[in-house]
Amino acid sequence: MSFTINHTDAASKARAGVLQTNHGAIETPIFMPVGTLGTVKTVHQHELKDDIKAQIILGNTYHLFLRPGLGVLKQAGGLHQFINWQKPILTDSGGYQVFSLASSRKITEQGAIFKSHINGAKLEFTPENVIDAQRVIGADIMMAFDECTPYPCEHHKAKKSLALTHRWLDRCFKQYNNTEPLYGYNQYLFPIVQGSVYKDLRIESAEYISAKGAVGNAIGGLSVGEPAEDMYAMTEVVCNILPKDKPRYLMGVGTPVNILESIALGIDMFDCVMPTRNARHGLLYTQQGIINIKNEKWKNDFSELDSNGTSYVDKTYSKAYVRHLHICNEYLAAQITSIHNLAFYLWLVTEARKQIIDGTFTAWKNKMVIQIAQRL
RNA sequence: GGGGAUAUACCAGAGUGGCCAAAUGGGACAGACUGUAAAUCUGUUGUUUCGACUUCGGUGGUUCGAAUCCACCUGUCCCCA
């Protein structure tokens with residue numbers, strides 16, 4: 001894997017680069033649609049590829065481990081083959097489930113013991129078996145198994161958790177170095193910076209993670225409920241320490257505004273469920289602002305879904321029609337809005353890249369963050 | 001023509017003397033959602049100057065007090081002829 005930075009913004013820390021994988025190049029900054037269970041919910045591969053222009057998607061180790069299970073995935077020849085997606089895939093380790101399923105798991109030195117949300121079965125995730133699982137899944141980019149702390153989190157707890165995450169990281173790298181890819185292409189392990197909203201812990205963690213010399217680095221434990229200012233502050237602190245010549249991945253972020261602000265801080269990669277989940281709930285992101293398509297005000301609005309949109313759904317369907325589909329709870333509503341939102345997110349990062357290359361990023365970003373946050 | 005049942009908020013439908021401005025669904029209207037236990041969840045849904053006021057087919061009555069009991073009227077449904 002190689003990462004080349006082509007342009008750096010003069011007025012901010014934003015960069016435009018290219019990340020090479022065996023499944024193709026990824027132009028950064030990039031947004032990665034989330035496909036937890038081996039599907040970006042409601043979206044077909046051809047839409048993802050040709051319309052949305054996704055360059056890489058996510059999968060989730062915890063969820064895929066439960067269903068369909070590693071046996072099926074191995075038999076299929078990995079996740080790429082199973083879902084017929086020949087571009088890069090990144091898998092989260094299950095570290096986020098340590099946070100989101102906190103009520104049904106227990107943390108030990110060894111790992112995390114989950115009570116399956118499907119059938120209650122007890123299952124243990126360790127740094128070692130999480131790496132093994134990601135080998136079987138065949139992700140181009142594998143994530144370290146970490147403890148994503150909740151917000152708020154007391155300093156002493158965050159400190160203790162961070163130490164555990166670092167010990168787990170050492171074990172992840174050991175297992176990673178002792179195992180080989182199963183399907184003939186390279187897989188890379190990204191470590192994750194933690195430390196909650198504490199500057200000292202974030203610095204400590206960023207230094208620890210940087211020392212690993214990984215091909216890319218991630219920042220986790222943010223966008224879990226803390227104020228946006230804290231998220232930006234931590235991101236800035238960490239970006240100042242993480243190696244400049246390696247891609248930086250801000251996990252789970254975020255709103256379109258979060259993404260633009262974080263690009264300005266030097267982040268290259270993003271993922272978030274917001275465009276897809278909010279799409280299913282009727283929220284559309286556009287260059288002009290946010291639309292709740294379920295609102296009565298769109299009932300008689302027969303204009304294009306988004307006249308500035310880049311997706312075919314934007315010109316094909318009217319606001320009134322998509323509202324109607326949503327009100328009736330029709331499957332097509334979720335499909336249309338998911339395609340729209342993902343296309344918007346991909347447009348946003350592609351445009352950001354272009355602006356960085358043109359040297360106009362900061363002015364453009366400052367204008368956009370106001371525009372896209374408006375409620376229409 | 002005879003007999004029986006029923007009428008409650010936008011709809012369906014509980015409630016059969018005070019704890020009822022009235023359960024529960026649905027619908028409608030808003031809001032939330034950040035490495036997906038999420039096609040989910042939350043709130044509002046008679047008026048209001050927030051003290052109260054006007055509601056349960058209509059009118060009148062009984063009672064300290066009525067959606068609830070009584071009389072008549074009106075509408076709807078069912079059965080028999």
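Judged by Watson-Crick or G-U wobble contacts below 3.5 Å, the nucleotide A5(B) has U76(B) as its partner. Nucleotide C10(B) is matched to G26(B) when pairs are restricted to Watson-Crick or G-U wobble geometry with both distances under 3.5 angstrom. With a 3.5 Å ceiling on both atom-pair distances, the Watson-Crick or G-U wobble partner of G18(B) is C64(B). Remark: C41(B) base-pairs with G31(B). Criterion, Watson-Crick or G-U wobble with two distances under 3.5 Å.
With respect to K87(A) and D140(A), no salt bridge is recorded, no charged nitrogen being found less than 4.0 Å from a carboxylate O.
The separation of U24(B) from U45(B), taken at their C1' atoms, amounts to 15 Å, rounded to a whole angstrom. A52(B) and U6(B) have their C1' atoms separated by 35 Å, given to the nearest Å. Nucleotides C10(B) and C56(B) place their C1' atoms 15 Å apart, quoted to the nearest Å. Comparing A22(B) with U8(B), their C1' atoms are spaced 9 Å from each other, to the whole Å. As rounded to the nearest Å, A39(B) and C50(B) have C1' atoms that lie 39 Å from one another. For the C1' atom pair drawn from A67(B) and A23(B), the interatomic distance equals 14 Å after rounding to whole Å. Nucleotides G13(B) and G61(B) place their C1' atoms 30 Å apart, quoted to the nearest Å. Rounded to whole Å, the C1' atom of C33(B) lies 9 Å from the corresponding atom of U40(B).
In this structure, the NE2 atom of H281(A) is 13 Å from the P atom of U42(B), given to the nearest Å. Between the C1' atom of G43(B) and the NZ atom of K294(A) lies a distance of 13 Å, rounded to the nearest Å. In this entry the distance linking CD of E296(A) with C1' of G31(B) reads 16 Å, nearest Å.
Considering only residues two or more places apart in sequence or on other chains, S93(A) meets the side chain to side chain donor-acceptor pair (under 3.5 Å) condition with none of them. Legend: residues meeting side-chain contact (heavy atoms from CB on, under 4.5 Å) with E304(A), ordered by chain and number and at least two apart, are S307(A), K315(A). Residues passing the side chain to side chain donor-acceptor pair (under 3.5 Å) test with Y96(A): none are found, sequence neighbours excluded. Listed by chain and number, the residues in a side-chain contact (heavy atoms from CB on, under 4.5 Å) with N178(A) are K174(A) (sequence neighbours excluded). For the side chain to side chain donor-acceptor pair (under 3.5 Å) test, residues two or more places apart in sequence or in another chain that qualify with Y185(A) are H80(A). Checked against side-chain contact (heavy atoms from CB on, under 4.5 Å), K244(A) has the following partners two or more places apart in sequence or in another chain: R15(A), R248(A). Partners of E180(A) by salt bridge (charged side-chain N to carboxylate O under 4.0 Å, His left out), not counting sequence neighbours: none found.
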Please tabulate, one pair per line, each protein N/O and nucleotide N/O from nucleotides 34-37 of chain B that are separated by under 3.5 Å, including the distance.
residue: U34(B); atom: OP1; partner: R277(A); partner atom: NH1; Å: 3.4
residue: U34(B); atom: O3'; partner: G252(A); partner atom: O; Å: 3.0
residue: U34(B); atom: O2'; partner: S223(A); partner atom: O; Å: 2.8
residue: U34(B); atom: O2'; partner: S223(A); partner atom: OG; Å: 2.6
residue: U34(B); atom: O2'; partner: G252(A); partner atom: O; Å: 2.8
residue: U34(B); atom: O2; partner: N258(A); partner atom: OD1; Å: 3.3
residue: U34(B); atom: N3; partner: N258(A); partner atom: OD1; Å: 3.0
residue: G35(B); atom: OP1; partner: V273(A); partner atom: N; Å: 2.1
residue: G35(B); atom: O4'; partner: G252(A); partner atom: N; Å: 3.1
residue: G35(B); atom: O4'; partner: D271(A); partner atom: OD2; Å: 3.3
residue: G35(B); atom: O6; partner: Q194(A); partner atom: NE2; Å: 3.4
residue: G35(B); atom: N1; partner: D146(A); partner atom: OD1; Å: 3.3
residue: G35(B); atom: N1; partner: D146(A); partner atom: OD2; Å: 2.8
residue: G35(B); atom: N2; partner: D92(A); partner atom: OD1; Å: 3.1
residue: G35(B); atom: N2; partner: D146(A); partner atom: OD1; Å: 3.3
residue: G35(B); atom: N2; partner: D146(A); partner atom: OD2; Å: 3.4
residue: G35(B); atom: N3; partner: D92(A); partner atom: OD1; Å: 3.1
residue: U36(B); atom: OP1; partner: N60(A); partner atom: ND2; Å: 2.9
residue: U36(B); atom: OP1; partner: D92(A); partner atom: OD2; Å: 3.3
residue: U36(B); atom: OP2; partner: T36(A); partner atom: OG1; Å: 3.2
residue: U36(B); atom: O4'; partner: R277(A); partner atom: NH2; Å: 3.1
residue: U36(B); atom: O3'; partner: H63(A); partner atom: NE2; Å: 3.2
residue: U36(B); atom: O3'; partner: Q97(A); partner atom: NE2; Å: 3.2
residue: U36(B); atom: O2; partner: R277(A); partner atom: NH2; Å: 3.3
residue: U36(B); atom: O2; partner: R280(A); partner atom: NH2; Å: 3.4
residue: U36(B); atom: N3; partner: R280(A); partner atom: NH2; Å: 3.4
residue: U36(B); atom: O4; partner: T276(A); partner atom: OG1; Å: 2.5
residue: A37(B); atom: OP2; partner: Q97(A); partner atom: NE2; Å: 3.3
residue: A37(B); atom: OP2; partner: S100(A); partner atom: OG; Å: 2.5
residue: A37(B); atom: O5'; partner: H63(A); partner atom: NE2; Å: 3.1

Protein-nucleotides 25-27 of chain B N/O pairs closer than 3.5 Å?
none

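Residue R105(A) is out of contact with every strand shown, counting any heavy-atom pair closer than 4.0 Å.
At the phosphate of C29(B), neither OP1 nor OP2 sits under 4.0 Å from any side-chain N or O atom of N295(A). Remark: R323(A) is not in phosphate contact with A28(B), judged by side-chain N or O atoms under 4.0 Å from OP1 or OP2.
For the side-chain contact (heavy atoms from CB on, under 4.5 Å) with S161(A), the qualifying choice from T149(A), I107(A), V98(A) is T149(A), the only one to do so.
No side-chain donor-acceptor contact under 3.5 Å links R277(A) to the backbone of C272(A).
Pairs of residues two or more places apart, or lying in two chains, never qualify as side-chain hydrogen bond (donor to acceptor under 3.5 Å, both in side chains) while including a residue from residues 221-230 of chain A. Pairs passing the side-chain hydrogen bond (donor to acceptor under 3.5 Å, both in side chains) check and including a residue from residues 194-206 of chain A, sequence neighbours excluded, read D146(A)-Q194(A), H155(A)-D200(A), H166(A)-S205(A).
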Q: Report the C-alpha distance between K159(A) and E154(A) in whole Å, list the side-chain angles of each, state the deciding distance to 0.1 Å, and finish with yes or no for salt bridge (Lys or Arg N to Asp or Glu O under 4.0 Å).
A: CA-CA 9 Å; K159(A) 189 178 170 70; E154(A) 292 168 14; over 6 Å; no

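For the contact set between residues 123-138 of chain A and RNA chain B, defined by any heavy atom under 4.0 Å, there are no members.
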